[in-house]
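Written below as structure tokens is the structure these notes are about.
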Amino acid sequence: MESINKLSYIQKLRTYKRDPRSLVLFLLVIVSTILTIGLLLFLIGYIMIKGIPHIKPELFQWEYNTLNVSLMPALINTVIMTLISLLIAAPIGVFSAIYLVEYAKKGNKLVSIIRITAETLSGIPSIVYGLFGLLFFVTALGWGMSLLAGAFTLSIMILPLIMRTTEEALKAVPNSYREGSYGLGAGKLRTVFKIVLPSAMPGILAGVILGIGRIVGESAALIYTAGTVAEIPKGSDFLFDSTRTLSVHMYALASEGLYVNQSYATAVILLIIVVLINYLSGFISKKLSKV
């Protein structure tokens, strides 16, 4: 094993001597990696140092007021917002990808238009989505700043992400799986739902998890559509109540200038949630890959 490593090292040295540009490129890659990891560690460390000392039981009380500055209503609102947004975006994104990959004919102009539209939507800044949600859902439809307006706005934001990742996951399934299913007498629909979708599930789940991460960390679009009321929606028409999520809660506390320490504490909780989501997605993907 050591001899193989030495041989590989010698081959790299010879390559660098023949072409100095390879050495420059290699050094640039190393420096970029170090800078990226260093910046990530710095940000995480800075947030932890600033926020952990201010995480107190008062932050987790059920109701928000100016004395406790509780983040619990925002945390519950984040969960509700995420569930509603996924219920809207996930089925549309997954079934759209199934159509594009499994049913649409090659060279179809509609398919190319859908893909260009999805790529364009994925590159639009979140503030533009917020302005659209304000003009359409809040004003034109008369929903006001509400949980439902925010959820529909976020569902439009994550729809291209879910659709594209699902499409790539379906394309990664070998055609031999489909051919074997057809050879056994299965139809198109059964092949898609019994063979193709289970095989592509880790990739589909990765797209959904990325969508959850974007929902949890979004603030610009929600300020214009869901509002900043720090209360848990109640009553039969709770979907039309104004709410705030964790990211909006953190922004509101920081912008007021009176609760900066609590804002850092909220950032720590938000960071932990994002890390747990990423870990959970990797764990589930590994489990599904083994099945």
Side-chain angles (χ1 to χ4, degrees), residues 40 43-44 46-48 50-52 54-55 58-61 63-64 66 68-89 122 124-134 137-138 145-162 208-233 239 241-281:
L40 176 63
L43 289 174
I44 293 175
Y46 183 81
I47 293 172
M48 291 293 184
K50 286 283 190 177
I52 289 178
H54 303 287
I55 297 178
E58 292 81 8
L59 289 176
F60 299 95
Q61 291 185 9
E63 293 186 359
Y64 169 93
T66 55
N68 58 35
V69 199
S70 175
L71 59 81
M72 185 57 70
L75 179 60
I76 295 174
N77 292 336
T78 301
V79 175
I80 298 173
M81 185 77 72
T82 301
L83 291 176
I84 297 176
S85 300
L86 288 179
L87 285 175
I88 299 169
S122 61
I124 295 177
S126 59
I127 190 70
V128 177
Y129 283 104
L131 291 173
F132 168 78
L134 174 65
F137 297 120
V138 176
M145 288 193 176
S146 60
L147 178 66
L148 191 62
F152 267 88
T153 303
L154 290 179
S155 65
I156 296 174
M157 286 181 60
I158 65 173
L159 179 59
L161 176 63
I162 295 176
V208 173
I209 296 297
L210 288 174
I212 293 174
R214 186 166 186 184
I215 292 171
V216 171
E218 185 54 48
S219 59
L222 292 176
I223 291 174
Y224 289 100
T225 55
T228 58
V229 177
E231 292 183 359
I232 302 172
L239 291 175
D241 289 342
S242 179
T243 62
R244 71 163 65 168
T245 59
L246 267 179
S247 57
V248 177
H249 179 74
M250 181 179 65
Y251 169 79
L253 295 181
S255 62
E256 289 173 3
L258 300 175
Y259 310 103
V260 177
N261 293 332
Q262 289 85 347
S263 177
Y264 280 115
T266 304
V268 172
I269 303 300
L270 191 60
L271 180 63
I272 293 173
I273 291 174
V274 172
V275 171
L276 288 176
I277 288 173
N278 291 331
Y279 173 77
L280 184 63
S281 65

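- For T228 (side chain) and R244 (main-chain N/O), no donor-acceptor pair under 3.5 Å exists by modelled atom type.
- Residue-environment remark: CD (Q61) exceeds the threshold of 12 foreign heavy atoms within 6.0 Å.
- Judged by distance alone, the side chain of E218 and the main-chain N or O of A221 form a donor-acceptor pair under 3.5 Å.
- Considering CZ of F137 and CD1 of I156, their distance stands at 4.0 Å, rounded to 0.5 Å.
- A distance-only check finds no donor-acceptor pair linking the side chain of S85 to the backbone of T82 [under 3.5 Å].
- No more than 12 heavy-atom neighbours from other residues, nucleotides or ligands sit within 6.0 angstrom of OH on Y251.
- Between L75 and I273, some side-chain heavy-atom pair lies under the 4.5 Å cut-off.
- Between the side chain of N68 and the backbone N or O of E63, at least one donor-acceptor pair lies under 3.5 Å.
- Within a 6.0 Å radius of OH in Y64, other residues, nucleotides and ligands contribute more than 12 heavy atoms.
- The minimum heavy-atom distance between A89 and S155, with the atom names listed, is CB-O, 3.6 Å.
- Using bins of under 30°, 30° to 60° and over 60° for the plane-to-plane angle, the ring pair Y46/Y264 lands in the perpendicular bin.
- For the pair N77 and I232, the tightest heavy-atom approach, listed with the atom from each and the gap, is OD1-CA, 3.8 Å.
- Contact between D241 and P233 at its shortest, heavy atoms only, is OD2-CA, 3.8 Å.
- Between atom OG1 of residue T266 and atom CG of residue N261 there is a gap of 10.5 Å, rounded to the nearest 0.5 Å.
- Rounding to the nearest 0.5 angstrom, the gap separating the CD1 atom in I55 from the CZ atom in F60 is 6.0 Å.
- Two residues are said to be in side-chain contact when any heavy atoms from C-beta on lie closer than 4.5 Å; L147 and L239 meet this criterion.
- Taking CD1 from I80 and CD1 from I76, the interatomic distance works out to 7.0 Å, rounded to the nearest 0.5 Å.
- Nearest heavy-atom pair, Y224 versus L131, reported as atom, atom and distance to 0.1 Å: CE2-CD2, 4.3 Å.
- Under the 3.5 Å distance criterion, the side-chain polar atoms of S70 are matched with a main-chain donor or acceptor of L59.
- Side chain of T78 to backbone of L246: a donor-acceptor contact under 3.5 angstrom is found.
- The side-chain heavy atoms of Q262 and H54, taken from C-beta on, include no pair separated by under 4.5 Å.
- When side chains are defined from C-beta on, L154 does not count as touching R214, because their heavy atoms never get closer than 4.5 Å.
- In this structure, the separation between CG on L222 and CE on M157 is 8.0 Å, given to the nearest 0.5 Å.
- Looking at I272 and V275, their side chains never come closer than 4.5 Å, going by heavy atoms from C-beta outward.
- In terms of heavy-atom proximity, A149 sits nearest to V138 at CB-CG2, 4.0 Å.
- Side-chain atoms of S122 never come within 3.5 Å of backbone atoms of L161 as a donor-acceptor pair (strictly under, hydrogens ignored).
- Within the model, atoms CD1 of I88 and CG of L83 stand 11.0 Å from one another, a figure rounded to the nearest 0.5 Å.
- A heavy-atom distance below 4.5 Å is found between the side chains of L86 and V208.
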Carefully, step by step, assess M48 and V268 under the rule side-chain contact (heavy atoms from CB on, under 4.5 Å).
CA-CA 6 Å; M48 291 293 184; V268 172; 3.9 Å; yes
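- T243 has its side chain out of reach of E231: every pair of non-hydrogen atoms, C-beta onward, lies at least 4.5 Å apart.
- Within the 4.5 Å cutoff, side-chain heavy atoms of S263 are placed close to those of M250.
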